[in-house]
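When a residue number appears, it is its place in the shown sequence, counting from 1. None of these values were measured; they are calculated from a predicted model.
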Amino acid sequence: MSSKSIPYLLAAPGFILLIVFLVLPLVSIIWPTFFDGSLTFASYITFFQDSYNVSIFMRTLRISLVVTFFCALLGVPVAYYIARADKKFRSLMMALVLFPLLTNSVVRSFAWINILGQKGVINNLLLNTGIITAPIPLLYSEFAITIGSIYLFLPLMVITLVGIIENIDTEIMEAAETLGANRLTAFLKVILPLSVPGIIVGSILVFTGTLTAYTTPQLLGGNKNMMLSTFLYQNAMTLGNWTNASVIALIMIVTTLIVMKIFNLIAAIIDKRGEEQHA
């Protein structure tokens, strides 16, 4: 046995497990949506011809992109602050960032119900201060899903970026300031471009998580603001329409892959422009 074949042998059990427990079940579920005696795309055409289905798809895509944008917007400065903090405080701050991930998703969602409900913290505060005269319908809305999803997935963005920013030499920032740039300009011109790989990876994680999340959309959005994940569950477990559920599942997979490709293209364009500027 040659030494070159050892890595493949070590990886073989993992590949077998993936094929048996991931690939084959997916194929068995998706196969009937394409073959009904012959090759057909009727299930997918029918899905996108229904305006209700399209509205759910667009809502899911919109919320996922908005959550990704705000997680990147909030995550970059937070990650930079943690990465540049004193080591004795860095562990504490990372623990605080990770705290939402250590809490059960149902508990997190019910906490937001208490905050956003008609008799929740926000409405009570606004009513008591006289800013509003009637409760604002914050709960069971796209806004509630967005806020809950940002709270849930922001730690993923921060964790990804902290590792990237820690590896950026602090002397680069100091050199930019020496050349006359203020801290904000140096951050935007130096740290942010070097953080793009982490932003792309974090964005993919956040987008995928938001697109496939079930508990948060179900508890904070309700049936009036259904997303693809809750729509899939409804078709599979309530209506027993496994074919339609399989169609939704494949649409979610393809959408995720397309968005991942777009993010990678954006990263490649940014890298190319950076190289051209340096040249």
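- Nearest heavy-atom pair, Q118 versus P135, reported as atom, atom and distance to 0.1 Å: O-CB, 3.7 Å.
- Under a 3.5 Å cut-off, the side chain of T215 and the backbone N or O of S105 do not form any donor-acceptor pair.
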message: For a side chain to side chain contact (heavy atoms under 4.5 Å, CB included) check, start with the C-alpha distance between C71 and L154, then their side-chain angles and the critical distance, and finish with the verdict.
response: CA-CA 5 Å; C71 282; L154 181 58; 4.2 Å; yes
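- Alongside L125, the hydrophobic cluster contains no other residue (criterion: ILVMFWY side chains under 4.5 Å).
- Atom CD1 of I147 and atom CH2 of W112 lie 6.0 Å apart (nearest 0.5 Å).
- Interatomic distance, M260 CE to I200 CD1, rounded to the nearest 0.5 Å: 11.0 Å.
- Atom CD1 of I251 is separated from atom CZ of F48 by 4.0 Å, given to the nearest 0.5 angstrom.
- Residues in residues 184-212 take part in these ring-ring contact (aromatic ring centres under 6.0 Å, His included) pairs, two or more places apart or across chains: Y80-F187.
- Residue V66 is not grouped with residue L138 when hydrophobic side chains (ILVMFWY) are merged at heavy-atom distances under 4.5 angstrom, including chains of intermediate members.
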message: side chain to side chain contact (heavy atoms under 4.5 Å, CB included) for I132 and N123? Distances and angles first, verdict last.
response: CA-CA 8 Å; I132 59 174; N123 273 314; 3.7 Å; yes
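- Using a distance-only test at 3.5 Å, with no hydrogens or angles considered, no donor-acceptor pair links the side chain of S203 to the main chain of T68.
- Aromatic rings of F231 and F57 (six-membered ring for Trp) have centroids beyond the 6.0 Å cut-off, not under it.
- Under the 4.5 Å side-chain heavy-atom criterion for grouping Ile, Leu, Val, Met, Phe, Trp and Tyr, F35 is connected to I248 within one hydrophobic cluster.
- Residues L126 and T129 come closest through the heavy atom pair O-OG1, 3.1 Å.
- Of all heavy-atom pairs spanning L152 and R108, the tightest one is CD1-NH2, 2.9 Å.
- Summarising the geometry, atom CE belonging to M157 is positioned 7.0 Å from atom OG1 belonging to T160; distances are rounded to the nearest 0.5 Å.
- Residues satisfying the ring pair (Phe, Tyr, Trp, His ring centres under 6.0 Å) criterion with Y44, sequence neighbours excluded, are F34.
- Between the side chain of N241 and the main chain of N235, no donor-acceptor pair closer than 3.5 Å is present.
- Residues T60 and L228 share a closest heavy-atom pair of OG1-N, 2.9 Å.
- As a member of the Ile/Leu/Val/Met/Phe/Trp/Tyr network built from side-chain separations under 4.5 Å, Y214 groups with Y233, M237, W242.
- Taking 4.5 Å as the limit, some side-chain heavy atom of V97 sits within range of a side-chain heavy atom of P155.
- Residues L156 and I145 fall within the same hydrophobic cluster, defined by Ile, Leu, Val, Met, Phe, Trp and Tyr side chains chained together at heavy-atom separations under 4.5 Å.
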task: List the steps, then state whether side chain to side chain contact (heavy atoms under 4.5 Å, CB included) holds for I199 with L192.
output: CA-CA 9 Å; I199 295 173; L192 191 59; 3.9 Å; yes
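- The OG atom of S51 sits 13.0 Å away from the CE atom of M58 when rounded to the nearest 0.5 Å.
- A distance of 8.5 Å separates CG in N244 from CG in L239, rounded to the nearest 0.5 Å.
- The two residues S195 and I165 come nearest to each other via the heavy atoms OG-CG1, 3.6 Å.
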Using residues 18-31 as the side-chain source, report each donor-acceptor pair under 3.5 Å to any protein atom, sequence neighbours left out, with the distance given to one decimal.
from : atom 1 : to  : atom 2 : distance (Å)
S28  : OG     : L24 : O      : 3.3
S28  : OG     : P25 : O      : 2.7

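- Within the 4.5 Å cutoff, side-chain heavy atoms of N223 are placed close to those of Q218.
- In this structure, the side chain of D50 does not engage the main chain of T46 through any donor-acceptor pair within 3.5 Å.
- Summarising the geometry of R90 relative to A83, their closest heavy-atom pair is NH2-O, 3.4 Å, with the distance given to 0.1 Å.
- Panel note: side chain T208, backbone L205; no donor-acceptor pair is recorded below 3.5 Å.
- Judged by distance alone, the side chain of S149 and the main-chain N or O of T146 form no donor-acceptor pair under 3.5 Å.
- Using a distance-only test at 3.5 Å, with no hydrogens or angles considered, a donor-acceptor pair links the side chain of T230 to the main chain of M227.
- Hydrophobic clustering (side-chain heavy atoms under 4.5 Å, transitive across Ile, Leu, Val, Met, Phe, Trp, Tyr) keeps L102 apart from M94.
- Residues N264 and I204 form a side-chain contact, since some pair of their non-hydrogen atoms from C-beta on lies under 4.5 Å apart.
- With a 6.0 Å radius and a threshold of 12 heavy atoms from other residues, nucleotides or ligands, Y52 has its OH atom above the threshold.
- Considering only residues two or more places apart in sequence or on other chains, R59 meets the salt bridge (Lys or Arg N to Asp or Glu O under 4.0 Å) condition with E142.
- Neither Y151 nor L161 shares a network with the other; the hydrophobic side chains, linked directly or stepwise wherever heavy atoms of I, L, V, M, F, W or Y lie under 4.5 Å apart, form separate groups for each.
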